[in-house]
Trainee: 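The structure's right below; bear with me while I get my questions together.
Numbers restart at 1 for each chain; the letters A, B, ... are given by sequence-line order, proteins then strands.
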Amino acid sequence: MKLKIDKNNWEKVKLIDVFTKREENDKVNAKKRFDKFLKVEHMDKESLHIKRWSSQEKGDELNPYFYKIFRKGQILFPTRNPHLRRTALASFDGICGEKTLTLEPNEEFIIPEFIPFLFHSESFYAHTTGVIIGSTNPHCRWRDVANYEFLLPPKDQQNQLAELLWAMDDVIKKEREVLERLNEASQIAFENEIEKSSGELIPLSEVLIPKKAKSQVPHKINRYIGLEHIESGAFSCIEFGNSNEVLAQCNIVEEGDLCYSKLRPYLDKAFIATFQAVSTTELLIYNTHKLSKEFVLYHLHSKPFIHFVTGKGFGTKMPRVSHKIIGEYKVKLVDDEDKILGLMRNFEKSKTNMNTKIINSKALQKSLINQIF
DNA sequence: TTCAATGAGAAGTTCCGGTC
DNA sequence: GACCGGAACTTCTCATTGAA
């Protein structure tokens with residue numbers, strides 16, 4: 001989608017000309033005044049929305065260096081690792097880390113609804129990553145961010161563009177909500193169907209057939225699946241990296257293989273491969289018998305299974321599970337697997353459609369942002 | 001020889017102290 | 001008090017080790 005924008009009357013401004021950096025720190029009472037606190041890990045890449053946070057009420061512990069207060073409507077920009085593209089729009093008042101810039105738009109020049117998208121433009125990313133300093137801690141300074149220059153449209157045009165950008169954002173938000181509901185509903189449906197079915201309980205070790213194929217450097221298969229490419233709770237893996245950049249021995253994943261991440265089992269990373277790839281050796285690769293891979297995958301994502309493996313994790317630095325541990329989990333050898341899978345496939349079809357819609361909507365939104373800023 | 005288990009090092013995040 | 005940057009800690013990748 002190409003926008004016809006005449007930028008002749010747009011004014012070149014520096015970020016510091018149209019934003020005020022707020023420093024509202026309360027080392028003594030911030031903890032008592034605000035329940036919610038936001039860590040960098042709560043901010044998603046290339047998203048303005050805050051979907052997660054920690055809460056003292058829920059028992060999350062507030063770090064001693066979290067005393068910086070942010071207010072609803074402020075732009076939150078973590079200066080550490082700016083290449084990770086994490087900037088959020090505060091949707092509530094709370095506490096954040098000292099290294100997060102809290103920026104307030106100056107309404108004399110800009111319309112608050114318009115400007116947040118600037119922080120997810122390629123131009124802003126290029127600037128902030130270009131001014132990174134520090135070898136052990138890559139970061140940028142406020143004075144370098146403040147000097148970022150961009151073209152600012154007149155206010156009436158800002159209004160029109162804000163409407164367009166938020167309309168697109170709303171589409172993505174609604175599509176994500178639908179996907180979330182579908183995930184919840186399919187999980188409940190699966191557990192109900194298993195409960196209703198009759199059949200003998202058998203350990204997963206009688207179902208799973210480990211695949212041991214390895215790939216040595218240089219890898220002949222182009223795609224690489226690392227743990228960072230696997231979304232928690234997802235049934236397929238959409239993202240991948242380039243195996244040319246991987247210097248280690250890998251597992252070979254064939255299309256249709258059942259894959260399970262043994263590292264930090266509570267992260268719930270399991271999927272059926274939709275393409276051939278090499279992968280991190282933290283992935284266990286399986287074929288199955290007695291039950292289909294698809295059917296077993298629903299078990300691997302079920303709450304009882306995650307609870308089971310989380311409790312059995314071992315290792316000094318990071319909890320892991322092994323094939324042996326997974327094999328101890330008991331599943332029902334149901335008589336009507338096809339009937340259950342038929343129901344689940346309807347869910348999967350809807351989920352795949354929704355995923356495709358989200359990917360397309362995000363690409364369109366990105367294109368709009370980069371045409372404007 | 002194979003492969004599960006482990007830990008070193010890289011990358012990312014929070015803590016902490018110095019300087020202006 | 002704000003700003004800055006290194007230290008310390010956590011998480012993840014990947015090479016090595018040792019048991020089978």
Side-chain angles (χ1 to χ4, degrees), chain A residues 16 20-28 30 37-45 52 54 60-69 76-86 95-103 129 131-147 205 208-219 224-232 239-252 260-267 269 278-286 312-327:
Chain A
I16 196 168
T20 307
K21 185 171 77 67
R22 292 280 175 223
E23 282 298 328
E24 195 182 347
N25 297 322
D26 185 348
K27 291 188 183 182
V28 185
F37 57 102
L38 198 64
K39 297 182 174 188
V40 178
E41 70 199 51
H42 296 131
M43 300 186 197
D44 290 330
K45 187 183 178 184
R52 306 177 300 283
S54 294
D60 299 327
E61 205 160 318
L62 184 65
N63 300 324
Y65 277 77
F66 273 65
Y67 51 77
K68 187 169 186 174
I69 295 160
L76 309 177
F77 173 69
T79 54
R80 287 283 196 248
N81 300 307
H83 54 284
L84 297 179
R85 303 184 165 201
R86 294 192 277 209
I95 310 167
C96 62
E98 52 167 349
K99 291 289 183 275
T100 299
L101 291 177
T102 46
L103 304 173
T129 51
V131 295
I132 285 177
I133 53 168
S135 51
T136 47
N137 293 311
H139 64 281
C140 54
R141 296 170 294 199
W142 158 236
R143 63 168 179 256
D144 293 325
V145 179
N147 282 330
S205 57
L208 296 171
I209 309 164
K211 291 182 78 178
K212 310 274 185 184
K214 300 285 175 196
S215 168
Q216 305 297 336
V217 179
H219 301 293
Y224 167 76
I225 301 173
L227 296 185
E228 75 273 23
H229 299 120
I230 310 163
E231 203 182 316
S232 294
E239 291 184 42
F240 54 85
N242 189 338
S243 67
N244 291 337
E245 292 158 16
V246 181
L247 306 172
Q249 171 186 266
C250 289
N251 293 340
I252 295 177
Y260 177 77
S261 165
K262 59 182 175 178
L263 187 70
R264 296 206 292 157
Y266 51 86
L267 290 180
K269 293 188 172 186
V278 294
S279 79
T280 165
T281 50
E282 297 297 332
L283 272 192
L284 297 168
I285 320 292
Y286 290 116
K312 302 229 169 193
F314 62 86
T316 49
K317 288 187 89 180
M318 186 152 302
R320 285 182 171 103
V321 289
S322 60
H323 167 64
K324 189 170 171 285
I325 291 172
I326 298 165

Trainee: B:dC3 P sits how many Å from A:Lys214 NZ, rounded?
Mentor: 7 Å
Trainee: C:dG5 phosphate, OP1 or OP2: any side-chain N/O from A:His139 under 4.0 angstrom?
Mentor: yes
Trainee: Summarise protein proximity over nucleotides 14-20 of chain B in one line of letters, 5' to 3': B for base, S for sugar-phosphate only, - for none, counting protein heavy atoms closer than 4.0 Å.
Mentor: BBB----
Trainee: With a 4.0 Å limit, can you tell me whether A:Asn25 has a side-chain N or O closer than that to the phosphate oxygens OP1/OP2 of C:dA2?
Mentor: yes
Trainee: Applying side chain to side chain donor-acceptor pair (under 3.5 Å), can you list everything that pairs with A:Ser215, at least two apart in sequence or on another chain?
Mentor: A:His219
Trainee: Rounding to a whole Å, what distance do you find between A:Asp44:CG and B:dG12:P?
Mentor: 16 Å
Trainee: Between A:Asn251 (CG) and C:dC14 (C1'), how many Å, whole number?
Mentor: 12 Å
Trainee: Find the distance A:Ile285:CD1 to B:dA4:C1' and express it as a whole number of Å.
Mentor: 15 Å
Trainee: With sequence neighbours excluded, what pairs up with A:Glu41 under the side chain to side chain donor-acceptor pair (under 3.5 Å) test?
Mentor: none
Trainee: Can you tell me the distance, in whole Å, between the CD atom of A:Glu282 and the C1' atom of B:dA4?
Mentor: 11 Å
Trainee: Calculate the interatomic distance between A:Leu103 atom CG and C:dA2 atom C1'; express it in whole Å.
Mentor: 14 Å
Trainee: Parallel, tilted or perpendicular: which one describes the rings of A:His323 and A:Tyr286, with boundaries at 30° and 60°?
Mentor: tilted
Trainee: Under 3.5 Å, is there an N or O donor on one side and an acceptor on the other linking the side chain of A:Arg85 and the base of B:dG12?
Mentor: no
Trainee: A:Lys68: what forms a side chain to side chain donor-acceptor pair (under 3.5 Å) with it, not counting sequence neighbours?
Mentor: A:Glu23
Trainee: Could you tell me whether A:Ser322 contacts a base, only the sugar-phosphate backbone, or nothing, with contacts defined as non-hydrogen atoms closer than 4.0 Å?
Mentor: sugar-phosphate
Trainee: Looking only at side-chain N and O atoms, does A:Tyr224 come under 4.0 Å of OP1 or OP2 in C:dC14?
Mentor: yes
Trainee: If I take atom CZ in residue A:Arg143 and atom C1' in nucleotide C:dC4, what distance separates them, rounded to the nearest angstrom?
Mentor: 8 Å
Trainee: Answer yes or no: does a side-chain N or O of A:His83 lie under 4.0 Å from OP1 or OP2 of B:dG12?
Mentor: yes
Trainee: Report the residues that fulfil ring-ring contact (aromatic ring centres under 6.0 Å, His included) with A:Phe77, sequence neighbours left out, ordered by chain and then residue number.
Mentor: A:Phe124
Trainee: What pairs with A:His229 under side chain to side chain donor-acceptor pair (under 3.5 Å), at least two apart in sequence or on another chain?
Mentor: none
Trainee: Using whole Å, report how far CZ of A:Arg320 lies from C1' of B:dC3.
Mentor: 14 Å
Trainee: To check you understand the geometry: which heavy-atom pair defines the closest contact between A:Leu76 and A:Pro78, and what is its length?
Mentor: O-CD, 3.8 Å
